Asker: 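Sharing a structure with you now.
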Amino acid sequence: MSTDDTSDAREQLLSLANQFYEQFEGGSVPSMEVPTRTKTNIEYDEDSNVWVYGDRTSTRSANSVRGAQKLLKATYAIDFLARQLEEGRSSTLRELYYLSESWDLDEAQFSSQDESNQLIEDLEIVSGVTREDFHMRPEESGATVMGPLEIREQTRRGEREIHCQEDVGEGGYQIPNNPDTIDFLDNDADFVLAVETGGMRDRLVENGFDEEYNAIVVHLKGQPARATRRLTKRLHDELDLPVVVFTDGDPWSYRIYGSVAYGSIKSAHLSEYLATPQAQYVGIRPEDIVEYDLPTDPLSDSDVNALESELEDPRFQTEFWTDQIELQLDIEKKSEQQSLAARGLDFVTDTYLPERLTEMGVL
């Protein structure tokens, strides 16, 4: 980030704190309004093709003890973040939670990391500045990239150029916290394959799938971090590469796909920045469980509830997802990516993915 960008982020934070003081001076009860973060308050934006927050809002107001404490914590957090930016420092979300224990007012301290995380999200929404611009980092996600892609990245020791096949080990190139510091130099890729599990990612790399099919394999590492989703979006938007998502065949994994393609509920304010609405779902699909007679586990009660919830989720209101979810509720089974190994270790790279990607027009 440039000095000007850092200054802009700091000014936005201080401007927000100044609004509280102006409300005090004007005789008003200080308050802060943020969108209600529930699936009933997201709507489809036809211009950007992503899901964003609707008009419903929640108010953090000092007219109650609880509300006053929330604004007090926000003020302390703003002060910390502004000083951090001024000093050119950074910190993690986890560190912010612990740092609050050193603040001089007990009432300003966070009771849990969920509370401090939510406050950072509130500040992002109200200020229009991302947490990356606050110099706030998550704990390391460990997500990686392997494929025919050459990049330039900024490091503490200056710029370095990396080829994400030739200059990395089997583990691949680790995605930085802020992938906007990466420049794409060159690539021979035909598409991006975003993979949920480490085991499947390793299988694809060991079998040379990235080389044979000119694929950039992005390891999502479960529910993908924001940096992973941002890099995936940049690969699509800037390099014009199709994106396909490969996960387990269960409702929680469908939500992983949803966060890549549609955006997540908790970060809907950043959907245009993080989501790739053109991303397609390659599998595991419930129809695969039937067609390939895959090894399965029975759906748990929580799985059933999650699937039924997805039928009502506006992000899954398409014919494809309705058919797949209703089929899964009917067969009452779920299956993992690695269940494809029941047909041999090479089945996923020699048969399953090539056939499916051809059907989808990616290959």
Side-chain angles (χ1 to χ4, degrees), residues 39 42-53 124 130 132 138 141 143-149 151 164 172-173 175-184 187 189-197 200-201 204 210 213-248 252-285 310 313-318 320-321 324 353 356-357 360-363:
K39 70 180 181 182
I42 58 173
E43 56 188 34
Y44 188 68
D45 186 312
E46 294 186 358
D47 292 331
S48 57
N49 295 321
V50 295
W51 292 89
V52 298
Y53 288 128
E124 280 187 315
T130 68
E132 289 80 10
S141 74
T144 60
V145 173
M146 176 70 85
L149 173 69
I151 64 170
C164 296
Y173 167 74
I175 301 171
N177 172 58
N178 185 359
D180 284 340
T181 62
I182 295 173
D183 294 322
F184 299 139
N187 82 93
D190 292 330
F191 65 100
V192 177
L193 179 63
V195 184
E196 175 184 357
T197 67
M200 180 53 71
R201 178 262 175 212
L204 297 178
D210 55 310
Y213 291 98
N214 297 323
I216 296 176
V217 178
V218 177
H219 178 203
L220 298 176
K221 200 180 179 186
Q223 187 65 40
R226 284 168 36 157
T228 310
R229 288 182 280 155
R230 176 58 181 165
L231 181 63
T232 302
K233 179 175 178 61
R234 287 193 61 203
L235 290 170
H236 173 272
D237 291 355
E238 297 174 33
L239 302 183
D240 196 28
L241 295 174
V243 173
V244 291
V245 182
F246 187 23
T247 73
D248 287 340
W252 317 105
S253 296
Y254 306 151
R255 293 180 187 185
I256 289 173
Y257 162 74
S259 70
V260 173
Y262 312 133
S264 64
I265 293 173
K266 67 182 298 186
S267 60
H269 59 294
L270 296 173
S271 289
E272 290 187 55
Y273 176 78
L274 299 177
T276 307
Q278 299 84 0
Q280 301 179 73
Y281 185 73
V282 65
I284 299 289
R285 304 176 181 180
E310 285 166 359
D313 190 321
R315 295 170 298 170
F316 291 90
Q317 296 298 302
T318 66
F320 168 81
W321 280 111
Q324 293 299 316
L353 284 175
R356 177 59 54 77
L357 292 170
M360 295 167 65
V362 176
L363 292 182

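Small disclaimer: the values here were computed from a predicted structure and weren't measured.
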Asker: According to the ring pair (Phe, Tyr, Trp, His ring centres under 6.0 Å) rule, which pairs have a member within residues 226-247, sequence neighbours left out?
Answerer: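 Non-adjacent pairs meeting ring pair (Phe, Tyr, Trp, His ring centres under 6.0 Å): F246-Y352.
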
Asker: Keeping the roles fixed (side chain from K233, backbone from T276), state whether a donor-acceptor pair exists under 3.5 Å.
Answerer: no

Asker: Taking the side chain as every heavy atom from C-beta outward, state whether N187 and L235 have any atom pair closer than 4.5 Å.
Answerer: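 Of all side-chain heavy-atom pairs linking L235 with N187, none is under 4.5 Å.
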
Asker: At what distance, to the nearest 0.5 angstrom, does CD of Q324 lie from CZ of F316?
Answerer: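 Rounded to the nearest 0.5 Å, the CD-CZ separation comes to 12.0 Å.
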
Asker: Less than 4.0 Å between a side-chain N and a carboxylate O, is that true for E132 and R226?
Answerer: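 Salt bridge between R226 and E132, a charged N being under 4.0 Å from a carboxylate O: yes.
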
Asker: Under 3.5 Å, side chain of Y281 to main-chain N/O of G258, donor-acceptor pair present?
Answerer: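 Side chain of Y281 to backbone of G258, a donor-acceptor pair under 3.5 Å: no, none is there.
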
Asker: Take D180 and Y273, measure what side-chain contact (heavy atoms from CB on, under 4.5 Å) needs, and give me the verdict at the end.
Answerer: CA-CA 11 Å; D180 284 340; Y273 176 78; 3.0 Å; yes

Asker: What distance separates T232 OG1 from L241 CG, expressed to the nearest 0.5 Å?
Answerer: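 Answer rounded to 0.5 Å: 11.0 Å.
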
Asker: Look at the side chain of R234 and the backbone N and O of I182, then say whether any donor-acceptor pair between them is shorter than 3.5 Å.
Answerer: yes

Asker: State, yes or no, whether a side-chain contact exists between L204 and L353 at a heavy-atom distance under 4.5 Å.
Answerer: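 Of all side-chain heavy-atom pairs linking L353 with L204, at least one is under 4.5 Å.
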
Asker: Output all residues satisfying salt bridge (charged side-chain N to carboxylate O under 4.0 Å, His left out) with R255, sequence neighbours left out; order by chain, then residue number.
Answerer: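 Counting only residues at least two positions away or on another chain, R255 forms a salt bridge (charged side-chain N to carboxylate O under 4.0 Å, His left out) with E310.
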
Asker: For A261 and A275, work out which heavy atoms get closest and say how close.
Answerer: O-CB, 3.7 Å

Asker: Anything under 30° is parallel, anything over 60° is perpendicular, the rest tilted; go ahead and classify Y254 against W321.
Answerer: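 Plane angle between 30° and 60°, so tilted.
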
Asker: What is the distance from atom NE2 of H219 to atom OG1 of T197, rounded to the nearest 0.5 Å?
Answerer: 6.5 Å

Asker: For the residue pair V145 and I151, establish whether any side-chain heavy-atom pair is separated by less than 4.5 Å.
Answerer: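 SC-SC contact between V145 and I151 ruled out.
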
Asker: Would you say the side-chain atoms of R356 pair up with the backbone N or O of V282, donor to acceptor, closer than 3.5 Å?
Answerer: yes

Asker: Any chance you could measure I175, atom CD1, to T228, atom OG1, to the nearest 0.5 Å?
Answerer: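 Here the rounded value is 4.0 Å.
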
Asker: Any side-chain heavy-atom pair from I216 and C164 closer than 4.5 angstrom?
Answerer: no

Asker: Measure the CD-CZ distance between Q280 and F191 for me, rounded to the nearest 0.5 Å.
Answerer: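 So the CD of Q280 and the CZ of F191 are separated by 11.5 Å.
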
Asker: Do L357 and V244 make a side-chain contact, defined as non-hydrogen atoms from C-beta onward lying under 4.5 Å apart?
Answerer: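 Sidechains of V244 and L357: in contact.
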
Asker: Is the side chain of E196 donor-acceptor paired with the backbone N or O of D248 at a distance under 3.5 Å, no angle test?
Answerer: yes

Asker: Go through the steps to decide whether R230 and N178 satisfy the test side-chain contact (heavy atoms from CB on, under 4.5 Å), and finish with yes or no.
Answerer: CA-CA 8 Å; R230 176 58 181 165; N178 185 359; 5.9 Å; no

Asker: Distance from Q223 atom CD to S259 atom OG, nearest 0.5 Å?
Answerer: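 Q223 atom CD to S259 atom OG measures 4.0 Å (nearest 0.5 Å).
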
Asker: Any side-chain heavy-atom pair from P242 and V192 closer than 4.5 angstrom?
Answerer: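 No, their side chains stay 4.5 Å or more apart.
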
Asker: I'd like to know whether L220 forms a side-chain contact (heavy atoms from CB on, under 4.5 Å) with V245, so could you lay out the CA-CA distance, the side-chain angles of the two residues, the decisive distance to 0.1 Å, and finally the verdict.
Answerer: CA-CA 9 Å; L220 298 176; V245 182; 4.1 Å; yes

Asker: Is any side-chain heavy atom of F184 less than 4.5 Å from a side-chain heavy atom of L149?
Answerer: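 They are in side-chain contact.
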
